[in-house]
Amino acid sequence: MIHKRDLSASLLLGFTHFLIDLTCHALLTYAMYHYADISLLWSVVLYNGLAFAFQLPIGAISDLLGSSRGFSALGCVLVALACLLPSSLAICLVAGIGNALFHVGGGRESLLLSGTRYTQIGLFVAPGALGVFFGPKIIGIIWLYRLALPGILFLLAAVFSLTANRCVSFTNDKPLPLSRGKKLVILLCMFLTVFLRAYMGTVTHYAVSGRFPFALVMALCVFLGKLSGGIMADRFGAFRFTLIAQTLGLALYLGSLLCPYLALPAALVFNTTMALTAFTLFRLLPQLAGAMFGVTTVALFLGSLPKMLRLETPFFNWWGLLLIGVMSTSLLLLGLHLAEGGTRYD
């Protein structure tokens, strides 16, 4: 059972995650349409490179310093300051680094709060999907993301700073008792799973994708998938849940080639893996929670890079989706099987 204090901390981090991504994506969308100091393509690559790939080195530093909420606070401050900048390049740099700092601080704290459960990390990560979706939709409300949201982020930064000493430092005293070789295999399995799932998201494209109702429901499905994955793994066991859910998800994705609306439940099911990969990596090296969280975001960035660079992909067909789906699911199941050979939490 999750302690009320830990649940409150996770909900606060999740809410702030929503606001961070909402602010960043509103600001970047506005900047890319109104400032011409950097191209649209490189704005996207630069921001995402800093916001995601940069989390690994920042995570390693947070582990070295033993700090979570200090990084969350600094991330909130930088994103708020980015709202005052007058160029796309400056916004990409400051907002990207701020986003990475907050993600590392919030992700690290959520993992340390997890103890032996998958649920906590999902509570933190899931709201970001809604922020990413709604951010570009509010660019017409300039006062909201130029004044109101920065003000709220400054207040949240103060809260994180004032409560930094109350933040949990380490709760998981049961790392996986496995050999270095097995731990390396598990790490590679989780990394490649995230990479392939992110790449699969760039491959799929449907005629209805640009329509608001479909896009909104898709964002909600991603949110619910990330939120429910940890809960379901704690309830039914990670390996058992993954085997059933991902087989169903793959069947739905293949069916989406005939009926695009099947991509909605497919996305929900496939996004349940987020909590599983992040928490399994944490169990490998719990003393490096920040760095392990960063490993997942580096994989996410690399898997999404082809879409950012507008590269054509040849895999949106029966055999392509089947190949990517089977490979990613097999890697995830292998990693979970090896992990459950250590300390079992199911």
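Just so it is clear, the structure is predicted and the values come from calculations on it, not from any experiment.
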Is the number of heavy atoms from other residues, nucleotides or ligands under 6.0 Å of K182 NZ greater than 12?
no
In the single-linkage hydrophobic clustering (I, L, V, M, F, W, Y; side-chain heavy atoms under 4.5 Å), do M327 and L336 co-cluster?
yes
Grab the two heavy atoms, one from V132 and one from H25, that are nearest each other, plus how far apart they are.
CG2-NE2, 3.6 Å
Backbone N/O of A291 and side chain of D63: donor-acceptor pair under 3.5 Å
yes
Min side-chain heavy-atom separation K226-V222 under 4.5 Å:
yes
Sequence neighbours left out, cut at 3.5 Å: what donor-acceptor pairs do the side chains of residues 150-159 make with other protein atoms?
none

Which side-chain N or O atoms in residues 75-88 pair as donor and acceptor under 3.5 Å with protein atoms at least two apart or in another chain?
from : atom 1 : to  : atom 2 : distance (Å)
S87  : OG     : D37 : OD2    : 3.3
S87  : OG     : A90 : N      : 3.2
S88  : OG     : A31 : O      : 3.0

Which residues pass the side-chain hydrogen bond (donor to acceptor under 3.5 Å, both in side chains) test with S228, sequence neighbours left out?
none
Non-neighbouring partners of N48 that pass side-chain hydrogen bond (donor to acceptor under 3.5 Å, both in side chains), sequence neighbours left out:
none
Within one Ile-Leu-Val-Met-Phe-Trp-Tyr cluster: L188 and L332, side-chain cutoff 4.5 Å:
no
Can you give each donor-acceptor pair under 3.5 Å made by side-chain atoms of residues 11-19, sequence neighbours left out, with the distance rounded to 0.1 Å?
from : atom 1 : to   : atom 2 : distance (Å)
T16  : OG1    : L12  : O      : 2.8
H17  : ND1    : F124 : O      : 2.8
H17  : ND1    : V125 : O      : 3.4
H17  : NE2    : D21  : OD2    : 3.1
H17  : NE2    : H103 : NE2    : 2.9

Do any N or O atoms from the side chain of S209 and from the backbone of H205 form a donor-acceptor pair under 3.5 angstrom?
no
Give me each pair satisfying side chain to side chain donor-acceptor pair (under 3.5 Å) with a member in residues 320-336, each pair once, sequence neighbours excluded.
R197-S328, R197-T329
In short, side chain to side chain donor-acceptor pair (under 3.5 Å) pairs touching residues 143-154 with sequence neighbours left out are Y35-R146
Side-chain donor/acceptor pairs under 3.5 Å, residues 254-270, sequence neighbours excluded:
from : atom 1 : to   : atom 2 : distance (Å)
S256 : OG     : Y206 : OH     : 2.7
S256 : OG     : Y253 : O      : 2.5

Any heavy-atom pair between the side chains of T272 and F241 that's under 4.5 Å?
yes
Pairing residues for L220 by the side chain to side chain contact (heavy atoms under 4.5 Å, CB included) criterion, not counting sequence neighbours
L130, L216
Joining Ile, Leu, Val, Met, Phe, Trp and Tyr whenever any side-chain heavy atoms lie under 4.5 Å apart, the cluster holding I231 also takes in none
From the list S67, S72, S68, side chain to side chain donor-acceptor pair (under 3.5 Å) partner of R108 resolves to S68
Quick one, T280 with Y118, criterion side chain to side chain contact (heavy atoms under 4.5 Å, CB included). Give me CA distance, side-chain angles, the key distance, then yes/no.
CA-CA 9 Å; T280 300; Y118 291 89; 4.2 Å; yes
Please output the side-chain donor-acceptor pairs of residues 51-62 that fall under 3.5 Å, not counting sequence neighbours, one pair per line with the distance.
from : atom 1 : to  : atom 2 : distance (Å)
Q55  : NE2    : A51 : O      : 2.7
S62  : OG     : G59 : O      : 2.7

Quick one: do V44 and M32 satisfy side chain to side chain contact (heavy atoms under 4.5 Å, CB included)? Show the steps, please.
CA-CA 9 Å; V44 173; M32 288 186 293; 4.1 Å; yes
With hydrophobic residues grouped by side-chain heavy-atom distances under 4.5 Å, do L252 and M274 end up in a single group?
no
Quick one: side-chain hydrogen bond (donor to acceptor under 3.5 Å, both in side chains) partners of R211, sequence neighbours excluded?
none
